[in-house]
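Have a look at the structure below, then the notes.
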Protein chains: 2
Amino acid sequence: MQKLDTKTKILNAAEQLFAERGFADTSLRLITSQAEVNLASVNYHFGSKKELIQAVLARYLEVFVPSLEQTISSLNSQGDRYTQHQVFSCLIEPLLALNTFRHRGTTMFLQLLGRGYIESQGHLRWFITTHYGDIMVAFNDAVRQANPHLSKAEIFWRLHFTLGTVVFTMASSNALTDIAKSDFNQDVDIEDLIRRLIPFISAGVSAP
Amino acid sequence: MQKLDTKTKILNAAEQLFAERGFADTSLRLITSQAEVNLASVNYHFGSKKELIQAVLARYLEVFVPSLEQTISSLNSQGDRYTQHQVFSCLIEPLLALNTFRHRGTTMFLQLLGRGYIESQGHLRWFITTHYGDIMVAFNDAVRQANPHLSKAEIFWRLHFTLGTVVFTMASSNALTDIAKSDFNQDVDIEDLIRRLIPFISAGVSAP
DNA sequence: GTCTATATTAAGATAGAC
DNA sequence: GTCTATCTTAATATAGAC
């Protein structure tokens, strides 16, 4: 079946379990038994559980961040003026592209990101902001340009509200799509979900 | 100093630690040493850690839920028509009333609720929905009446987006208010935070 | 009701043979 | 690189004296 090396088998099993159950609730024993590798191999290949968590996220960030940098910069090059809808739309393509990179990649990435923020593991925030702080600043600047009526502080708050909306939705997305299926007979995939989220957060951020 | 009984001392210490660090990261040892009681007393008085968690939340829900039932029903008695802003405003008074009940009660309650949802501990969702399911239905109905242009399913999604916004914001509210203080010299208390949140979620829920 | 002492379980990590 | 076996730590929970 899988002719993957041990390191990849661990990463694949880990990301799935982390996304589903969170980092704290996923033991190395669970990961290695799911991956069908030896318990000791995690520490051999990654050094520690923390470094495994970072490696799992890095695999996505290395694809996502350059892609987002590109959509943001092409936005800037088109001129000074752009709408806030355009800014948020910059996220869609890079996010959905992760689905071609890995099966259910978009969901996985957003769930992992959500878990990372929610379980306030210092090492993860440190890892993300030191490696990918630039793009966060660039995105923030783009939102500011698109909303000149809002103060810097107001944007700070509203972007964090937005982050919460997305992160929580993704962390619970399995449960939510199940409910939508049983209560409303809706089949909601990740693309639907993102397209439902965008008007909500877009209206919220630029609220009067 | 404190002439409180052991049970109350445990509840007070537990709620503070749970709100700050989450349920999983707060050990009974930490709670009992903070409360200056014996380790074994938690299991004596509450039976288990899970039941302690429920007891901590119950103390707030017993105050909050009747109060919310009242504002919602007074909304209904005023006639068929009310705006969505009015519906969300029903939450403000009952939430802020918790501050008179306990010091920093509003923040504490919302943080605990957020932690409860985020750390998908099944027993807590079960506890809340079986004990306080009625008011959740009533609130949902009120939102529907105020937004006749939205389908049942759309309201389901948007209320969950809203829940995510609030829950995440409260779970990180300590960090966020610290940043607001240092970066923008803002002193944001819980009431400010709620009044900042309302326009955001209100615009989001009734977005076109 | 409260305490000490301890049982039990499960986790992350590592030593050392192969 | 991989495996078995084990170390260490820390958690929940309980038994039994007071």
Side-chain angles (χ1 to χ4, degrees), chain A residues 1-58 112 115-116 118-124 126-127, chain B residues 1-58 112 115-116 118-124 126-127:
Chain A
M1 282 297 235
Q2 283 188 316
K3 288 219 43 169
L4 305 170
D5 60 3
T6 300
K7 210 168 164 174
T8 308
K9 281 200 251 179
I10 292 172
L11 284 171
N12 291 352
E15 72 171 8
Q16 173 136 7
L17 292 166
F18 285 152
E20 255 171 38
R21 315 161 44 97
F23 300 113
D25 264 26
T26 302
S27 68
L28 296 184
R29 285 171 168 76
L30 189 59
I31 293 167
T32 51
S33 75
Q34 179 98 347
E36 296 179 312
V37 301
N38 187 271
L39 168 62
S41 56
V42 170
N43 278 301
Y44 177 78
H45 285 287
F46 297 95
S48 70
K49 186 180 177 180
K50 283 184 184 181
E51 286 164 291
L52 171 61
I53 293 172
Q54 290 168 15
V56 164
L57 262 141
L112 290 168
R115 299 283 185 189
I118 275 166
E119 305 182 23
S120 53
Q121 309 270 15
H123 70 99
L124 237 182
W126 170 87
F127 176 77
Chain B
M1 283 294 242
Q2 282 188 313
K3 288 218 49 170
L4 305 171
D5 60 3
T6 301
K7 211 168 163 173
T8 308
K9 280 200 249 178
I10 292 171
L11 285 171
N12 291 351
E15 71 171 11
Q16 172 136 7
L17 291 165
F18 286 152
E20 255 172 37
R21 316 160 43 97
F23 300 112
D25 263 26
T26 302
S27 68
L28 297 183
R29 283 173 167 76
L30 190 58
I31 294 167
T32 51
S33 75
Q34 179 99 345
E36 295 178 314
V37 301
N38 187 271
L39 169 61
S41 57
V42 171
N43 279 301
Y44 177 80
H45 286 287
F46 297 95
S48 69
K49 185 179 176 180
K50 283 183 183 180
E51 286 164 291
L52 171 60
I53 293 173
Q54 290 167 15
V56 164
L57 261 141
L112 291 168
R115 299 283 186 190
I118 275 168
E119 305 183 22
S120 52
Q121 309 270 15
H123 71 100
L124 237 181
W126 169 88
F127 175 78

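In what follows, chains are A, B, ... by sequence order, proteins preceding strands, each numbered from 1.
Computed from coordinates, the Leu52(B) CG to dA13(D) C1' distance equals 14 Å when rounded to whole Å. Here the C1' atom of nucleotide dA11(C) and the NZ atom of Lys50(A) are 14 Å apart, to the nearest Å. To the nearest angstrom, P of dG1(D) lies 8 Å from CG of Asp5(A). Following rounding to the nearest Å, Arg29(A) (CZ) and dC3(D) (P) show an atom-to-atom distance of 16 Å. Following rounding to the nearest Å, Leu4(B) (CG) and dG1(C) (P) show an atom-to-atom distance of 15 Å. One interatomic measurement links the two molecules: NZ of Lys9(A) to P of dC3(D), which rounds to 9 Å at whole-angstrom precision. Rounded to whole Å, atom P of dA11(D) lies 10 Å from atom CG of Asp25(B). One can place CD of Glu51(A) at 10 Å from P of dT14(C), the figure rounded to the nearest angstrom.
The CD1 atom of Ile10(B) lies 8.5 Å from the CD1 atom of Ile31(B); values are rounded to the nearest 0.5 Å. Distance CD/Glu20(A) to CZ/Arg115(A): 9.0 Å, rounded to 0.5 Å. Considering CG of Leu11(A) and NE2 of His45(A), their distance stands at 10.0 Å, rounded to 0.5 Å. With rounding to the nearest 0.5 Å, the separation of CG in Leu52(B) from CZ in Phe18(B) is 4.5 Å. Summarising the geometry, atom CG belonging to Leu17(B) is positioned 11.0 Å from atom CG belonging to Asn12(B); distances are rounded to the nearest 0.5 Å.
Contacts with DNA chain D (heavy atom under 4.0 Å) in residues 39-48 of chain B: Leu39(B), Ala40(B), Asn43(B), Ser48(B), listed by number.
Considering only side-chain N and O atoms, Thr6(A) lies under 4.0 angstrom from the phosphate OP1 or OP2 of dT2(D). An OP1 or OP2 oxygen of dG1(C) is reached within less than 4.0 angstrom by no side-chain nitrogen or oxygen of Asn38(B).
Between the side chains of Asn38(A) and Ser41(A), not a single donor N or O lies within less than 3.5 Å of an accepting N or O.
Mapping Leu28(A) and Lys7(B) onto DNA chain C via the closest heavy atom, the residue that lands nearer the 5' end is Lys7(B).
Contacts of Asn43(A) classified as side chain to side chain donor-acceptor pair (under 3.5 Å), with partners at least two apart in sequence or in another chain: none.
Distances from the side chain of Ser27(B) to the nucleotides dC3(C), dA13(D), dA11(D) place dA11(D) closest.
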